[in-house]
Trainee: 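Input: one structure, supplied below.
Each chain gets a letter, A, B and so on, in the order its sequence line appears, and its residues count up from 1. As a basis for the values below, the full set of heavy atoms in this structure was taken, side chains included, without hydrogen atoms, waters or symmetry mates.
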Number of protein chains: 4
Amino acid sequence: MKQKTKRHTDPALAQARREQVLAAAADCFRRKGYHGAGMAEISKTAGMSAGHIYNYFTNKEAIIESIIERDMEEMFSIFQEFEDMPGDLVTILLDGLDHAVERHTDIDQGALNLEMLAEAARNNKVASLLHATDVLARERMRQLLVGERGPLKDIADDELTGRIDVMFAMIGGLLLRKMLNPDLDQQAVLKALRPTMKTLLLPFA
Amino acid sequence: MKQKTKRHTDPALAQARREQVLAAAADCFRRKGYHGAGMAEISKTAGMSAGHIYNYFTNKEAIIESIIERDMEEMFSIFQEFEDMPGDLVTILLDGLDHAVERHTDIDQGALNLEMLAEAARNNKVASLLHATDVLARERMRQLLVGERGPLKDIADDELTGRIDVMFAMIGGLLLRKMLNPDLDQQAVLKALRPTMKTLLLPFA
Amino acid sequence: MKQKTKRHTDPALAQARREQVLAAAADCFRRKGYHGAGMAEISKTAGMSAGHIYNYFTNKEAIIESIIERDMEEMFSIFQEFEDMPGDLVTILLDGLDHAVERHTDIDQGALNLEMLAEAARNNKVASLLHATDVLARERMRQLLVGERGPLKDIADDELTGRIDVMFAMIGGLLLRKMLNPDLDQQAVLKALRPTMKTLLLPFA
Amino acid sequence: MKQKTKRHTDPALAQARREQVLAAAADCFRRKGYHGAGMAEISKTAGMSAGHIYNYFTNKEAIIESIIERDMEEMFSIFQEFEDMPGDLVTILLDGLDHAVERHTDIDQGALNLEMLAEAARNNKVASLLHATDVLARERMRQLLVGERGPLKDIADDELTGRIDVMFAMIGGLLLRKMLNPDLDQQAVLKALRPTMKTLLLPFA
DNA sequence: GATGAATGAGAGTTCATTCAT
DNA sequence: GATGAATGAACTCTCATTCAT
């Protein structure tokens, strides 16, 4: 429901317009929040009239939904990268922490993510999308960890579940840290993060 | 700006009224979010007229600001408890995880906290309050860890900084986990969380 | 659903405000039509802010519904008058034609009635109200005609049905006549109308 | 104003296009009403782009005006039929009632007619067209009734005027009846309608 | 001739805030 | 102190109309 089914004669143009809107909306949501940003402001940022946006999105909600879906796809590509990398998985994941910290301490993206989470608390569609995304992310992670190359092939299922949630909490929590502590020292965080993640990636003693 | 400077003839009554409003507002924000809850609903929940609220708070923003201040005080009392407990600090902190998980997976409180964080991205007053609270919380934690009974008396300053941020990220991140995965298994999380926190509380090998 | 259930401290004031709005809206609908008249215009005509109207009516639709209900009540009082009058019913009804013509050639009321009928074609709630009103009106008329004093006690049921519909068509149709022929001569109409109605009120030869 | 004065290179094609639009618009207005039907829907129904319609009609109003003109012509052809029929005029007119009832209880056409009448209350052009049509219709009827074969050659002029208005009210009113009472029994109506119309077509006793 | 992308004014509605009582 | 009637600006969304192609 997040994209108008309306046919456009020039699909490339339509896609370009859609992306214009998504970029503008993401920007506005970051700065003003979902409710704080009006369609007027979004349209001005997107460089098109407010009315025209409705040729590409059924309503404001559909815009944030599309943004979420876009993010979802991006997340999958990250998992794919991990899966495609050769070598020891623990090493790969620990090395990946640098990027993860980078990504989760981008204050603009963080603000946007918070908006989406806050919106999820009162908008079922948004909540469903986020839940679905999370289910898939956990599943991908699980398969990574118990797969052929996985370091946790032998642990109990619910222990694995707990570990994954704690990993995600830790990484996702960085976003909150950056909001609450803008001076967050990434290098210091990484130094503490690596041994901690290692604990989670290997069987407990 | 969060409290009217207006003089009230009966300061005790005024204080009671303020707390009535704060409790009602927190309740409404939890259920509907900051933007979703209207002054009408808050006033009904508080058992007083909408207009009357403005005798105690200059506007809606001032209400959420006051709620944050109240929460801040609550957090300090938790640190105080840790400090007052006798025995081994690592044990105390690890035992405290049960309560921490409990507190951070309360979905209503989580929704409210997310609202406040999201609001911080665009409301300077809210941001300042949260930042100040966080500075104090980190400081309390630091003193706990490097204090007389502390397990990390000997590590470098910036390493300690990193560890604290990761601990806070991990605990705070649980809030996000619960929002994204409402079926979160608290016991499984605790089982993974304890060894992980222990890694952070003791010098790395 | 046409009246807000919201409690008002001063019901008399509330009622007065409601009537202010209804009068203003009826006026605007007459002049501009239901769709042509905006809430802004109605509120200006009513002498209150647009927002305030929503304290008394849930939405614009509820306003036209209330107008219809008001008209419905007026219609019943007219039937009541007929029923309360002593004397020969045929004479009473024929004498009532003067008022009927008067009422149905009021061009403002006519315009408003047409709006309501046109709106009924696309608004189910309005249609239901009008249908319900019409059912009741036909029933009242039927009881008048077959009642103790009625002139058509002995005719078949479906003949009676047909007669009532033709009577109502004839009277209601005057409204259309006045719209199409503003110079309509009321006296001339009455001269033709009386014998015609008499034909309908007495058994056919 | 109802037709663009713009010159078209192929007038026949232009005329065809105009009729395409009129047919589509009439269809849409019937189903959704004048205000309920958008130019987008009309253009889709007409099988041409919205913009192109503006090459044939200055605006939406011009479309309904043209529809009225078309209907006007249709009405005249009905009178012509009566005039061309041989035999007793009273019989012809009474026999014509079947068709009249049929035509005036078509609920879609009725909705369209109501739209036009309602529109007349606020659109002078529409009002003028309808008035002019009505003048002509009354004149045709008058000539039928007082003509060579007419049954009312000897009655006073204003009595005739009144009778015609009542006849038209009765027939036109059926449209209202059908809107208010969709279950209207056509046969029962006809049984009551014939004697009533006969009363109007013959000198009063 | 024909398209439909694009506009922008204006629609109905909500809600934080004010103020007379 | 307390009320809630009243305001009005801002919101999302629609749609007749224009115009570059």
Trainee: Let's see if you can work this out: which of E:dG8, E:dT13, E:dG4 has an atom nearest to the side-chain heavy atoms of D:S49?
Mentor: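 It is E:dG4.
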
Trainee: Considering only side-chain heavy atoms of D:Y56, which listed nucleotide, E:dA2, E:dT17, F:dA2, is closest?
Mentor: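 The answer is E:dA2.
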
Trainee: How about D:M48 and D:V21: do any of their side-chain heavy atoms sit closer than 4.5 Å?
Mentor: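 Counting from C-beta outward, D:M48 and D:V21 do come under 4.5 Å.
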
Trainee: For F:dT21, give the paired nucleotide (Watson-Crick: N1-N3 plus N6-O4 or O6-N4; G-U: N1-O2 and O6-N3; both under 3.5 Å), or none.
Mentor: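 Checking every strand shown, F:dT21 finds its partner in E:dA2, with both distances under 3.5 Å.
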
Trainee: A:I53 has an atom CD1; how far is it from atom P of F:dC15, in whole Å?
Mentor: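 One finds 17 Å between P of F:dC15 and CD1 of A:I53, rounded.
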
Trainee: Tell me what C:A37 touches on the nucleic acid: a base, only sugar-phosphate, or nothing, going by heavy atoms under 4.0 Å.
Mentor: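 Sugar-phosphate contact only - C:A37 comes under 4.0 Å of backbone atoms but never of a base.
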
Trainee: Identify which nucleotide among E:dG1, F:dA6, E:dG4 has an atom closest to any side-chain atom of A:T9, counting heavy atoms from C-beta outward.
Mentor: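 Taking heavy atoms from C-beta onward, the closest nucleotide is E:dG4.
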
Trainee: If the cut-off is 4.0 Å, is B:H8 near the phosphate of F:dG1, judged by side-chain N/O to OP1 or OP2?
Mentor: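 Answer yes for this pair, as a side-chain N or O of B:H8 is under 4.0 Å from OP1 or OP2.
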
Trainee: Report the residue (A:G51 or A:L13) whose heavy-atom-nearest nucleotide on DNA chain E is the more 5′ of the two.
Mentor: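 Looking at DNA chain E, the more 5' nearest nucleotide goes with A:L13.
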
Trainee: With a 4.5 Å limit on heavy-atom distance, are the side chains of C:D71 and C:Q109 in contact?
Mentor: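 Yes. Closest side-chain heavy atoms under 4.5 Å.
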
Trainee: Output the rounded distance in Å from NZ (C:K60) to C1' (E:dG10).
Mentor: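 Answer to the nearest Å: 12 Å.
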
Trainee: Is the shortest heavy-atom distance from the side chain of C:R18 to the side chain of C:F57 under 4.5 Å?
Mentor: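 Yes, close enough: below the 4.5 Å cut-off.
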
Trainee: Identify, between B:A40 and D:M48, the residue whose nearest nucleotide on DNA chain E lies closer to the 5' end.
Mentor: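 The residue closer to the strand's 5' end, by nearest nucleotide, is D:M48.
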
Trainee: Can you tell me the distance, in whole Å, between the CD1 atom of A:I42 and the C1' atom of F:dA10?
Mentor: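 From A:I42 CD1 to F:dA10 C1': 14 Å.
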
Trainee: Once you round it to whole Å, what is the distance between P of E:dC15 and NE2 of A:H35?
Mentor: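 Computing the A:H35:NE2 to E:dC15:P distance gives 11 Å.
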
Trainee: To the side chain of C:A50, which of E:dT13, E:dT7, F:dA16 is closest?
Mentor: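 In terms of side-chain proximity for C:A50, the closest of E:dT13, E:dT7, F:dA16 is E:dT13.
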
Trainee: Taking atom P of E:dA11 as reference, at what distance in whole Å does atom NZ of C:K32 sit?
Mentor: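 For the pair C:K32 NZ and E:dA11 P, the rounded distance is 9 Å.
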
Trainee: Whether the side chain of D:S43 engages the backbone of D:A40 through a donor-acceptor N/O pair (distance < 3.5 Å, no angle test) should be reported.
Mentor: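 Present.
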
Trainee: Do the rings of B:H8 and B:Y56 sit parallel, tilted or perpendicular, given the 30° and 60° boundaries?
Mentor: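 Aromatic pair B:H8/B:Y56 classed parallel.
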
Trainee: Write down the distance between CD (C:E61) and P (E:dA11), rounded to a whole number of angstrom.
Mentor: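 Distance check: C:E61 CD to E:dA11 P gives 18 Å.
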
Trainee: Classify the nucleic acid contact of C:N59 as base, sugar-phosphate or nothing, counting any heavy atom under 4.0 Å across all strands shown.
Mentor: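 Result for C:N59 = sugar-phosphate.
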
Trainee: Would you mind reading off the distance between B:Q20 atom CD and F:dG1 atom C1', rounded to a whole angstrom?
Mentor: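 In whole Å, F:dG1 C1' lies 13 Å from B:Q20 CD.
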
Trainee: Which of these nucleotides, F:dC13, E:dT18, E:dA5, is closest to any side-chain atom of A:Y54?
Mentor: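 My answer, after comparing the listed nucleotides, is F:dC13.
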
Trainee: Is D:H52 close enough to E:dG4 that one of its side-chain N or O atoms is under 4.0 Å from OP1 or OP2 there?
Mentor: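 The answer is no; no side-chain N or O of D:H52 sits under 4.0 Å from OP1 or OP2.
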
Trainee: Sort out the partner of F:dC13 for me: Watson-Crick or G-U wobble, both distances under 3.5 Å, none otherwise.
Mentor: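 For F:dC13, the partner nucleotide comes out as E:dG10, under the 3.5 Å rule.
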
Trainee: Counting any heavy atom closer than 4.0 Å, what does A:G38 reach on the DNA or RNA strands: base, sugar-phosphate only, or nothing?
Mentor: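 Touches sugar-phosphate only.
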
Trainee: Both C:R17 and D:M39 contact DNA chain F. Which one's nearest nucleotide lies toward the 5' end?
Mentor: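 In this pair, the answer is C:R17.
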
Trainee: Rounded to the nearest Å, what distance is computed from the CZ atom of residue A:F57 to the P atom of nucleotide F:dT12?
Mentor: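 These atoms are roughly 15 Å apart.
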
Trainee: Using the closest heavy atom to pick a nucleotide of DNA chain F for each, name whichever of C:D10 or A:Y34 lands nearer the 5' end.
Mentor: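 In this pair, the answer is C:D10.
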
Trainee: Can you confirm whether C:Y34 sits close enough to C:E61 that some side-chain heavy atom of one is under 4.5 Å from a side-chain heavy atom of the other?
Mentor: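 Yes; the side chains approach each other to less than 4.5 Å.
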
Trainee: Of all the nucleotides listed (F:dA6, F:dA2, E:dA5), which has the minimum atom distance to the side chain of B:N55?
Mentor: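 Looking only at side-chain atoms, B:N55 lies closest to F:dA2.
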
